[in-house]
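The analysis underlying the following values was restricted to heavy atoms, covering all of them including side chains, and did not include hydrogens, waters or symmetry mates. The residues of the chain are indexed from 1 along the displayed sequence.
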Amino acid sequence: MRHIVFLWVVLFSGLVSAKDFTLTLNAGKLERDNLPVTFSLTPDKAYANPVVRLFDGDRELPIQWKQEGSTFACALLLEHLGVGETKTFRVTLDESQEKTANPAFHWSGSALFYGGNLELEIKNQPYNPKNRADNFKVFHHVYLNGKRLTKGPGGLYPHHRGLFFGFNKISYGENGHVDIWHCSGDTHQRFEKFLTRDAGDIFARETSLLSWNRNVSETFATEERTLTVWRSCADGFFVDFSTSLKPTDWDLRLDGDPQHAGFHFRADQEVAEKTAKETLYLRPWGTGQPGETVNWKGVPEQTTNQTWKACSFVLDGKRYSVVYLTSPANPGETRWSERNYGRFGHYFEYDLKKGSELRLNYRLWIQPGLVRREFCESLYQNFNQPVEVSVR
């Protein structure tokens, strides 16, 4: 499998004074594949019609960038960097070229397309108490080459939907007890507005403002949720799920259990109905048997503070794999859950004070076929140990 690394480089204002820059990457002690790393570039002069270009010797490479005031946020594609290897590139700011008119990614309403194929959907229809079963939760559908892999409303456990996030035991104030996992009673998540949206040849990103509501008149938290989709190669892609949760007027206690709290993935309903006995889970300590599951309540020593987990399921006669990576910066202790119908994830307990925020970062790798356990570990290491970068 050929893998491409997405790289973000940080250049600080006041240090950059030239039109051309030399970017040097050092892999360090890891094999560098499939590693998004954040970056921004700030030149010391303004450009009337700027274009950022990337070169490996005389060969021009794809790059995506966005100007935000005097800063340029960029993303380049690096196919491979071996252990201990160093590689240099030339990055230029140019005024004589035109930007790509039709990028590979593009948004249409609530849907993201890559080329002609649907890649991601945010299900953000307005909350309607009279028809709440269809709209009490904001979630995200994931597609691979146009095939939807995730479940929507209805089916086994109707509250399980695509990529979703919540807690079934939230308490605040004197009488505030809510379940925004099942969204029982009048409790619901509501989409408020899009904050930002980007799309190019390398990645697409959207940030949405959501409200967490006990009922239609009481909001107890707000959430800024960002999803970034990175296309790395023809047979797989990344989805980064990042969120910031803030209380409104109270301190919040976030609690639950591994099956009913946290950030989770749920495979399409067909897996529950037809192929659950073929589902495989891969874990840092071993690969399970078809249909087998291991959960925190049964073996907490093997399901606490795991760094990653992968679920491989069969849908419409084809096998797919989803690798779930967590950041060590997220709160612990994390307690994991998995089901053979393709719902898996983890939760933690957390006290969120008024005036503060809870920030979380996760990454999913999605591909056809059965993923290898060694590759999952490599994805985790690359996610959490960035490549060494220098610019002159």
Side-chain angles (χ1 to χ4, degrees), residues 1 3 30-31 33-35 142 144 149-151 157 160 162-165 232 235-241 256-268 271-272 275-315 318-349 360-385:
M1 184 187 299
H3 304 291
L30 294 177
E31 192 91 1
D33 293 312
N34 298 297
L35 177 63
V142 175
L144 181 60
L149 305 184
T150 46
K151 173 187 171 295
Y157 304 116
H160 291 176
L163 307 182
F164 63 114
F165 173 55
S232 68
D235 54 358
F237 66 98
F238 293 104
V239 178
D240 286 354
F241 183 100
D257 60 71
Q259 284 70 243
H260 304 106
F263 170 59
H264 287 243
F265 173 93
R266 171 66 195 267
D268 188 85
V271 177
T275 65
K277 293 182 179 180
E278 300 178 64
T279 299
L280 285 167
Y281 278 99
L282 296 84
R283 315 170 187 96
W285 47 269
T287 300
Q289 297 298 313
E292 174 196 46
T293 60
V294 178
N295 289 279
W296 177 75
K297 188 175 181 179
V299 282
E301 67 279 3
Q302 292 182 323
T303 56
T304 300
N305 294 330
Q306 292 184 44
T307 52
W308 60 266
K309 187 186 291 285
C311 177
S312 183
F313 54 89
V314 175
L315 184 61
K318 297 181 180 179
R319 182 169 290 278
Y320 300 90
S321 294
V322 176
V323 185
Y324 179 128
L325 311 171
T326 186
S327 168
N330 293 342
E333 95 182 0
T334 60
R335 300 163 183 172
W336 289 75
S337 170
E338 56 189 51
R339 291 290 188 260
N340 61 12
Y341 51 78
R343 196 272 302 142
F344 72 113
H346 74 76
Y347 97 109
F348 50 86
E349 300 173 5
L360 302 170
N361 293 287
Y362 301 95
R363 170 165 295 153
L364 303 179
W365 167 257
I366 298 164
Q367 67 164 73
L370 178 62
V371 70
R372 294 179 295 107
R373 204 159 59 88
E374 296 79 6
F375 179 58
C376 297
E377 181 63 27
S378 175
L379 289 177
Y380 174 76
Q381 296 295 336
N382 281 314
F383 180 38
N384 290 293
Q385 299 185 45

Quick one, [X] and [Y] - any side-chain contact, counting heavy atoms below 4.5 Å?
X      : Y      : answer
Thr287 : Tyr281 : no
Gln381 : Leu30  : yes
Tyr320 : Val322 : no
Phe263 : Leu163 : yes
Leu149 : Leu315 : yes
Leu144 : Pro368 : yes
Pro331 : Leu360 : yes

Dump the intermediate steps for side chain to side chain donor-acceptor pair (under 3.5 Å) on Asn295 and Arg339, then the final yes or no. CA-CA 9 Å; Asn295 289 279; Arg339 291 290 188 260; 3.2 Å; yes

Under 3.5 Å, is there a donor on one side chain and an acceptor on the other for [X] and [Y]?
X      : Y      : value
Trp308 : Glu377 : yes
Tyr157 : Arg343 : no
Arg283 : Thr303 : no

Which residue is it: Glu349, Gln259, His346? I am looking for the one with a side-chain hydrogen bond (donor to acceptor under 3.5 Å, both in side chains) to Arg335. Glu349

Shortest non-hydrogen contact from Tyr347 to Gly262? CB-N, 3.9 Å

What heavy-atom pair brings Cys311 and Gly342 nearest, and what distance separates the two atoms? SG-CA, 4.1 Å

Pair Lys151 + Asp268: basic N to acidic O under 4.0 Å: no

Backbone N/O of Leu364 and side chain of Asp240: donor-acceptor pair under 3.5 Å: no

Walk me through it: do Ser337 and Trp296 pass the test side chain to side chain donor-acceptor pair (under 3.5 Å)? CA-CA 6 Å; Ser337 170; Trp296 177 75; over 6 Å; no

Applying salt bridge (charged side-chain N to carboxylate O under 4.0 Å, His left out), which residue pairs with at least one partner in residues 298-315 are found, sequence neighbours left out? Lys309-Glu338

In terms of ring plane angle, is the pair Phe241 and Tyr362 parallel, tilted or perpendicular, where the classes change at 30° and 60°? tilted

For the residue pair Trp336 and Tyr324, does the interplanar ring angle fall in the parallel (under 30°), tilted (30 to 60°) or perpendicular (over 60°) class? perpendicular

